Amino acid sequence: MSTRTTVILLVVLFMFGLFLIVALPLLLRRGPVSPAAEEEEPAVLDQGVFRSDDGGRTWEAKSAIAGGGSVSAFTVNRLLPDPVDPATLYLLTDGNGLWVSENRGDSWREVVDERGVLEVRSNVLALALNSGRRSEWYVAVFQANRGRVLRTVDGGKTFREIYFTPLERFGVVDLSYDRNRGALAIATGQGGLLETRDGGRTWRVIR
């Protein structure tokens with residue numbers, strides 16, 4: 001056998017061995033999948049709002065928007081229950097405004113301010129409600145590069161701005177309403193803790 005023939009034979013054997021080591025296991029691992037088989041595999045929804053009615057053993061997606069669409073793609077800051085009616089839920093989003101459900105999450109509707117004070121693309125950070133007057137809400141938002149507190153007395157139809165941070169890029173990170181004292185306390189990103197007892201007309205520094 002000539003040297004040339006020996007070299008060609010070795011190359012062929014090497015390529016055949018490489019095929020057995022690399023390509024053959026991949027081909028045997030999974031055969032071609034028909035379109036029908038792919039359709040049978042259910043899509044797994046792993047984001048959005050979910051509700052459990054059996055103590056957490058099973059969960060059901062509750063992200064449908066009334067009229068069509070879904071809130072599943074939203075970045076959610078908080079999900080809060082109404083202090084009086086637990087079937088009413090509030091969804092605070094980062095960049096998609098404020099949403100409310102009045103049927104335990106079965107459907108959601110956007111809170112649209114008729115005056116445009118609450119922007120539809122607002123980053124909503126916190127929400128406090130007056131449990132003695134359910135149409136009165138206080139909302140901490142970040143919009144127009146500044147933290148702001150908005151107040152509504154008609155259940156979200158119209159809002160009025162009652163506070164904004166003195167410096168840009170700082171937000172109002174949380175707020176709490178004390179029904180007994182009629183006082184709203186807010187915490188700001190600048191480290192301030194402030195309070196109003198007259199709906200935001202005047203403020204005092206707590207700390």
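Values in this document were obtained by computation on a predicted structure and should not be read as measured data.
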Worksheet entry | Working for side chain to side chain contact (heavy atoms under 4.5 Å, CB included), residues T165 and L167 | CA-CA 5 Å; T165 55; L167 298 178; 5.8 Å; no

Looking only at heavy atoms, which two atoms of [X] and [Y] are closest? And how far apart?
X    : Y    : answer
G97  : T93  : O-OG1, 2.7 Å
S131 : R179 : OG-CD, 3.3 Å
R78  : A126 : NH1-CB, 3.9 Å
F142 : S122 : O-OG, 4.0 Å
Q47  : A73  : NE2-CA, 3.9 Å
V71  : I65  : CG1-CG1, 3.7 Å

Backbone of [Y] reached by a side-chain donor or acceptor of [X] within 3.5 Å:
X    : Y    : result
N96  : F74  : no
R148 : E161 : no
S101 : S107 : yes
S135 : V153 : yes
S52  : W59  : no

To the nearest 0.5 Å, what is the distance between [atom1] ([X]) and [atom2] ([Y])?
X    : Y    : atom1 : atom2 : value
R51  : T58  : CZ    : OG1   : 10.5 Å
L150 : Q143 : CG    : CD    : 5.5 Å
T202 : R197 : OG1   : CZ    : 10.0 Å
I206 : L194 : CD1   : CG    : 7.0 Å
L89  : D85  : CG    : CG    : 9.0 Å
R151 : L118 : CZ    : CG    : 15.5 Å

Practice prompt. Inspect the contact between K157 and D113 and indicate whether a charged nitrogen and a carboxylate oxygen are less than 4.0 angstrom apart.
Written response: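 Between K157 and D113 there is no salt bridge, as every charged N stays at least 4.0 Å from the carboxylate O atoms.
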
Tell me whether [X] shares a hydrophobic cluster with [Y], the cluster being built from Ile, Leu, Val, Met, Phe, Trp, Tyr side chains joined at under 4.5 Å.
X    : Y    : result
L175 : Y177 : yes
L98  : L80  : yes
V172 : F170 : no
W203 : V205 : yes

Worksheet item: Passes side chain to side chain contact (heavy atoms under 4.5 Å, CB included), W108 versus V49? Steps please.
Response: CA-CA 10 Å; W108 294 90; V49 179; 4.1 Å; yes

Taking C-beta and beyond as the side chain, do [X] and [Y] meet within less than 4.5 Å on heavy atoms?
X    : Y    : value
V141 : L125 : no
V117 : T158 : no
V120 : E110 : yes

Fill in: Within 6.0 angstrom of R204 CZ, more than 12 heavy atoms from elsewhere
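Yes, CZ of R204 has more than 12 neighbouring heavy atoms, counting only those of other groups under 6.0 Å.
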
Practice prompt. Would you please say whether a donor-acceptor pair under 3.5 Å links the side chains of D178 and S176?
Written response: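 Short answer, no.
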
Fill in: Side-chain H-bond candidate by donor/acceptor type, N77 with T75, under 3.5 Å
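No, no side-chain donor-acceptor contact under 3.5 Å.
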
Worksheet entry | side chain to side chain contact (heavy atoms under 4.5 Å, CB included) evaluation trace for L79 with W99 | CA-CA 10 Å; L79 175 63; W99 295 72; over 6 Å; no

Worksheet entry | Qualifying residue, where the test is side-chain contact (heavy atoms from CB on, under 4.5 Å) with V149 and the options are T188, V139, I162 |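 Only match with V149 under side-chain contact (heavy atoms from CB on, under 4.5 Å): I162.
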
Practice prompt. Please work out which of the three classes, parallel, tilted or perpendicular, describes the rings of W137 and Y90, given edges at 30° and 60°.
Written response: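 Plane angle over 60°, so perpendicular.
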
